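For reference, positions follow the sequence shown, starting with 1. Counting starts at 1 for both ligands and their atoms, following the listed order. Given the structure is predicted, the values throughout are model-derived calculations rather than measurements.
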Amino acid sequence: MSEAEERQHALLSPSSAWTWITCKASTAAQLGQPDDSSEYADEGTAAHELAKWCLDAGNDATAYIGRIITVGEREFEVDDEMAGFVQTYVDGVRERVEAYKLAGATVEMFVEQRLSIEHITGEKGAKGTSDCVLIACFADGHTEICVIDLKYGRGVAVDATNNYQGLMYAAAAVEEHSDFYSFRTVLIVIHQPRLSEKPSEWSLPIADLVDFVEKTAKPAAEQAMLYVESVDFAPLALSDFNPGEKQCKFCKAKAVCPALAAHVEETISMDFDQIPLSTLGDAVHMLDNDRLGVIYESLDLIDGWMKAVRGRIEVELLAGNAVPGVKLVAGRKGARKWSSTDEAETLLKSMRLKQDEMYTFKVISPTQAEKLLAKESPRRWKKVEALVTQADGKPSVAPEHDKRPALVIEPAVDEFEVVAAEDDGGDLV
Ligand code: SF4
């Protein structure tokens with residue numbers, strides 16, 4: 001089950017733990033709000049399904065290229081790109097199992113295991129699904145539980161350290177297996193193959209996990225459920241909310257949350273207060289890099305809120321509810337396609353078109369070639385591999401605290417300035 005599906009099944013799910021722990025009003029505020037499952041979230045669900053197939057069957061992801069995975073009303077074809085990223089995760093899990101074994105441990109693996117979280121949140125029958133749980137028992141009696149999470153998004157890099165979702169899965173997995181094992185350490189691993197080949201990891205003693213459950217998760221869950229039970233007769237106060245980029249990001253109340261709207265307004269006015277628009281009499285200066293940097297810090301929050309408001313307006317209009325000042329119009333027509341591929345093929349053939357006019361052929365991709373040759377004929381694969389190139393990732397903007405090293409780009413030399421300095425202008429006369 002994906003994070004998006006998990007959120008629909010439990011009010012206090014592990015994947016939304018940061019939200020309900022950080023903003024105590026959020027659970028009550030989301031009641032009755034529409035779910036806006038995005039194509040990206042559904043694509044993530046498809047990638048999880050593929051990863052499960054691989055780990056369960058011991059296959060590589062390329063074995064499933066061309067297979068269709070249906071998520072809700074959307075269909076996703078396993079292509080080279082999805083297979084490649086999912087394989088990075090699958091390899092990571094397999095390498096970890098091997099590493100445990102090399103260190104002398106016996107290992108058990110549970111893929112997509114449904115885990116009860118009722119003992120943490122108090123919500124009857126609530127469960128979460130951990131992508132992968134490994135239990136490693138070492139000869140000296142040390143037993144480690146490792147919860148591994150696959151995040152398929154391209155968004156912000158997620159750190160395993162103090163990750164509430166990871167801690168919830170770990171606490172649930174410990175409870176599930178504690179009849180048979182006595183765990184000493186917990187390892188939380190987060191794979192984000194579209195952002196990095198290496199996962200983020202955090203190891204903690206079991207006592208710290210117990211502390212998190214008792215001092216953070218349980219009191220927050222109790223408070224959240226109290227608001228849920230009383231919201232009908234005791235409306236939420238603004239002080240019950242705690243807006244912020246991370247907790248509001250996946251909150252279903254985002255579009256209509258008065259606290260977030262006020263927070264965005266406050267953020268914009270605070271940030272823009274730091275930007276003197278007029279510094280010399282009535283002259284207005286263009287924004288310089290210092291000012292752009294100040295604005296950058298608030299962009300994700302503002303952008304997320306704007307998208308949520310746009311989405312909600314669309315949902316209201318599609319449901320036939322009026323939103324003053326806005327209307328629905330017909331969008332661009334879709335791409336043209338054959339109503340019947342078979343009939344089109346027969347008709348084109350009857351017109352005596354040549355094969356290369358009628359069909360497009362494509363040489364197989366490097367991933368497919370590797371699947372075909374690497375195991376059966378490593379020497380042939382080596383020759384083919386020499387023809388494979390891979391473009392570097394395009395530079396992208398990230399906040400200062402991002403863990404990836406900053407690219408060093410030399411500012412472009414202003415050629416005109418250089419020439420002007422050396423040139424006495426004689427040629428122009
Ligand atoms: S949008 Fe943010 S502030 Fe509003 S309820 Fe959700 S998490 Fe809390």
Set of residues satisfying side-chain contact (heavy atoms from CB on, under 4.5 Å) with respect to A374, sequence neighbours excluded: E370, W381
Between D131 and H48, a side-chain donor and acceptor under 3.5 Å: yes
Within the 6.0 Å centroid threshold, strictly below: F241 and H263: no
Atoms named by residue and atom, protein N, O or S, within reach of atom 8 (Fe) of ligand 1 (under 2.8 Å): C23 SG
N/O donor-acceptor pair under 3.5 Å between S16 side chain and L12 backbone: no
N/O donor-acceptor pair under 3.5 Å between R194 side chain and Y152 backbone: yes
Cation over ring face, R310 and W305, 6.0 Å, 45°: no
